[in-house]
2 protein chains.
Amino acid sequence: MLTIKDVAKKSGFSVATVSAVVNGLPVVSPKAKEQIQSAIKELGYRPNRVARSLKNSKTSSLAMIVRDVTNPFYPEVIMGFEDVAWSNNYEVFLCNTENNPEREKKYIDNLIGRRVDGVVIATSFIQRENHYDRLLENGIPYVFLNRRPEQLLDHEYFVGSDNAAASEKAVLHLTELGYKDILYMSGPLNLYTFKKRYEGFLRTMDKMGLPVGEDRILFSSDFMEKSGSEHAKRILGYEKMPEAIFCSNDLLAFGVHQTFKEAGMRIPEDVALIGLDNNRYSHLIDLSTVEPQNNQMGRKAGEVLLGLLKIKDVIAHEQKEIILEPRLIIRKSSGADARS
Amino acid sequence: MLTIKDVAKKSGFSVATVSAVVNGLPVVSPKAKEQIQSAIKELGYRPNRVARSLKNSKTSSLAMIVRDVTNPFYPEVIMGFEDVAWSNNYEVFLCNTENNPEREKKYIDNLIGRRVDGVVIATSFIQRENHYDRLLENGIPYVFLNRRPEQLLDHEYFVGSDNAAASEKAVLHLTELGYKDILYMSGPLNLYTFKKRYEGFLRTMDKMGLPVGEDRILFSSDFMEKSGSEHAKRILGYEKMPEAIFCSNDLLAFGVHQTFKEAGMRIPEDVALIGLDNNRYSHLIDLSTVEPQNNQMGRKAGEVLLGLLKIKDVIAHEQKEIILEPRLIIRKSSGADARS
DNA sequence: AGTTTCATTCTAAACGATTAGATTTCTAAA
DNA sequence: TTTAGAAATCTAATCGTTTAGAATGAAACT
């Protein structure tokens, strides 16, 4: 494999001069520059970034830690993040924890060993995992994405969507359409996003002066369709059905939709339905929902991280938290057509 | 940042001995081992993998190049690949080309510079991109995933799904249900998968002795829902509707489903529908389809690559092509309930 | 005691770049 | 023709590991 020495030998200049032209330093004569460049081209030389990284202790690589790429939330986020990384000449490691804290810990250790320049953590539970400290100790900046610990330490940053506002938008949409008896289906409250969504729901219902009956809030230990289906079956057994159902995420809504359809219930005629996430396929079942701007979240996380690395062209955000405003997406499932 | 020298100093041994215990070489005395290990723990030392990579010219990193993470095909593949990489102590770079050959080329150059140990290419058009040569020149093995150039060179490998067989399964399923007039909706033929699916369709119809009318094959320049919708509108204008529609991928089928539903057509009563891909959300519209085993594809690609790197515990496949057998998934859209 | 053997441990040279600081070459004024 | 000063280039140290091969010391054998 070719090294800088080969280029030096071929072009008749020293490695220092070759290095200078490779790095575009303005101290070389036009003649040298030309000869060296043609030697590089002729040999097909590519600088070894490993050696370079060792010398200037900077790897130009970032990492994104996710729970499960397969969760439809992530691809958009990854896309956004990867794109800003790419534009700034960074490569990105994708780390999938499969929701296993041990694996997350090991991944973080590996990333430290690799001396990545920064990492985005898009996995965390509310309780702080102590292995984030190790990143700090090793001077590697990190930003939380979407979920975060309750308390941000001095060096910690957060990019997310305003989950409480998302709930608020969903509820207001329903109340504007005249629904009063609204059931809320929650995901696990130990996840930051679901906690906020839950709070947003309660707050808005309260603000609207609407009571929330005891059986009008259902909790799940996950946020998958299956849980949605199971809850839907429970709801079908209710004496009095709610007028509208607000699912804290679209997957739950998918499950509800499926089960209701099988049971012969019509949406929105018999019961209105709204989700939250704007899953890539939500339009297939005409699900009204709220869009948290996943791609933007990824992009912002990238920008904050690069800002922390003092990359030119990227303004370091002095804000510790960047909260994106979600957008309401109105489709048929909420009954806007019928009622407006 | 801590180095091996710090550990050497602290423990009173030389860097060579420290290195030996870090790497678990069986040449150190128990006493040395113990003292060094406790020094490591106390300091919180982590070997610098960059330096290590430089020395033994091996980075323990792989890359996966994809067109668009957001395409629902990829997450499963990535998941599978990442998992076998992880189990073998490799990290993976995710490279998104956004379907831009220039970007792919630049990515490959970057990866060479980074001296990744191997790469999975899950993007390629049928015509060979000459920048793959550069990987070979630099001794970096690569395997094609899902799509491949017509001709595999000596050093090239391929992992994919049997797309022709997938079409065959779909068609046979339809013919077994008694459908004879089947319309085929194709994706772009310059993509390997769609070419094979198309061939499989023609071959099977021929084998069954079924004629394929001129207006019973529709081509699209992409494979998105929108194209499916547009074709569906065209079909609605036909004098004679087909009995069944076989879409070369689920996204197209989503479009057809949507448009037909809006037009008041019933599936499968008025026309049967089957897709190909088993998209994560296909069950939402009860779409019968064929499942190409994406996760397995990712896993296999990882195994082949690691095999090429002569990793222990992974048998290097001497096969140049690994073709996974797709599975038929029967749901309501093909009318199996009604007709069986 | 003097050798030989063996198990440990160490010294120092890589790996392929970057970069101070030294050295050479060039330019132009005296 | 000299020579100061600038411009171009070079030498060599360095980044943090790994790993030959040398050195050390203890045990075992004459």
Side-chain angles (χ1 to χ4, degrees), chain A residues 1-37 39-40 43-61 89 110-117 138-140, chain B residues 1-37 39-40 43-61 89 109-110 112-117 138-140:
Chain A
M1 192 152 289
L2 294 159
T3 78
I4 200 171
K5 277 188 194 163
D6 298 307
V7 179
K9 202 163 293 171
K10 171 114 192 168
S11 65
F13 287 89
S14 76
V15 293
T17 311
V18 175
S19 176
V21 350
V22 167
N23 291 73
L25 301 188
V27 295
V28 283
S29 68
K31 174 172 52 92
K33 188 169 170 184
E34 202 223 327
Q35 290 184 29
I36 289 172
Q37 276 174 340
I40 287 175
L43 295 173
Y45 165 76
R46 297 251 93 216
N48 182 330
R49 311 257 254 115
V50 177
R52 187 180 282 180
S53 294
L54 179 59
K55 190 68 201 5
N56 39 234
S57 36
K58 170 175 185 315
T59 54
S60 296
S61 59
N89 279 302
N110 288 353
L111 293 172
I112 293 171
R114 283 191 183 281
R115 303 293 191 266
V116 295
D117 295 335
N138 290 82
I140 300 175
Chain B
M1 192 152 290
L2 293 159
T3 79
I4 201 171
K5 277 187 194 163
D6 298 307
V7 179
K9 201 164 294 170
K10 172 112 189 170
S11 66
F13 288 89
S14 75
V15 294
T17 310
V18 175
S19 176
V21 351
V22 167
N23 291 74
L25 301 188
V27 295
V28 283
S29 69
K31 174 172 52 93
K33 187 168 170 186
E34 202 224 329
Q35 289 184 29
I36 288 172
Q37 277 174 337
I40 288 175
L43 294 173
Y45 165 76
R46 296 249 99 213
N48 182 331
R49 310 255 256 116
V50 176
R52 186 180 283 179
S53 294
L54 178 60
K55 191 67 204 359
N56 39 233
S57 36
K58 171 176 185 312
T59 55
S60 297
S61 59
N89 278 301
D109 276 353
N110 288 354
I112 292 171
R114 282 190 185 281
R115 304 292 192 266
V116 295
D117 294 335
N138 290 82
I140 299 175

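Throughout, protein chains are lettered first and strands after them, A, B, ... in sequence-line order, and every chain is numbered starting at 1. Given the structure is predicted, the values throughout are model-derived calculations rather than measurements.
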### Query
Just checking B/A20: base, sugar-phosphate only, or nothing, at a heavy-atom cut-off of under 4.0 Å?
nothing
### Summary
Taking for A/I4 and for B/A32 the nucleotide of DNA chain C with the nearest heavy atom, the one nearer the 5' end belongs to B/A32
### Message
When you measure from the side-chain N and O atoms of A/N48 to the phosphate of C/dC15, is any distance below 4.0 Å, counting only OP1 and OP2?
### Response
no
### Query
C/dA30 pairs with which nucleotide, Watson-Crick or G-U wobble, both distances below 3.5 Å?
D/dT1
### Query
What is the distance, rounded to the nearest whole Å, between atom CZ of B/R46 and atom C1' of D/dT17?
15 Å
### Message
Measuring to OP1 and OP2 of C/dG16, would you say a side-chain N or O of A/T3 lies under 4.0 angstrom away?
### Response
no
#### Entry: Atom-to-atom span, CG of B/N56 to P of D/dA20 - whole angstrom
11 Å
### Query
Does a side-chain N or O from A/S19 land closer than 4.0 Å to OP1 or OP2 of C/dT18, or not?
yes
### Task
Kindly indicate whether the side chain of A/I36, heavy atoms from C-beta on, has any atom under 4.5 Å from the side chain of A/V7.
yes
### Query
What nucleic acid atoms does A/G113 come within less than 4.0 Å of, heavy atoms only: base, sugar-phosphate, or nothing?
nothing
### Query
If you look at every strand shown and take non-hydrogen atoms under 4.0 Å, does B/S29 touch a base, only sugar-phosphate, or nothing?
sugar-phosphate
### Query
For the pair made of NZ in A/K33 and C1' in D/dA8, what is the distance, rounded to whole Å?
14 Å
### Query
Quick one: B/L25 CG to D/dA20 P, roughly how many Å, whole number?
10 Å
#### Entry: Length of the CG-C1' vector between A/D6 and C/dG16, whole Å
11 Å
### Message
On DNA chain C, does the nearest nucleotide to B/T17 precede the nearest nucleotide to B/K55 from the 5' side, or the other way round? Give the residue.
### Response
B/T17
### Message
Just the rounded figure in Å: distance from C1' of C/dA17 to CZ of A/R49.
### Response
12 Å
### Query
Out of D/dT19, D/dT17, D/dC10, which has the shortest distance to the side chain of B/A16?
D/dT19
### Message
Taking any heavy-atom pair under 4.0 Å as a contact, classify B/V28: base, sugar-phosphate, or nothing.
### Response
sugar-phosphate
### Task
Specify the separation, in whole Å, of atom CG of B/L54 and atom P of C/dA14.
14 Å
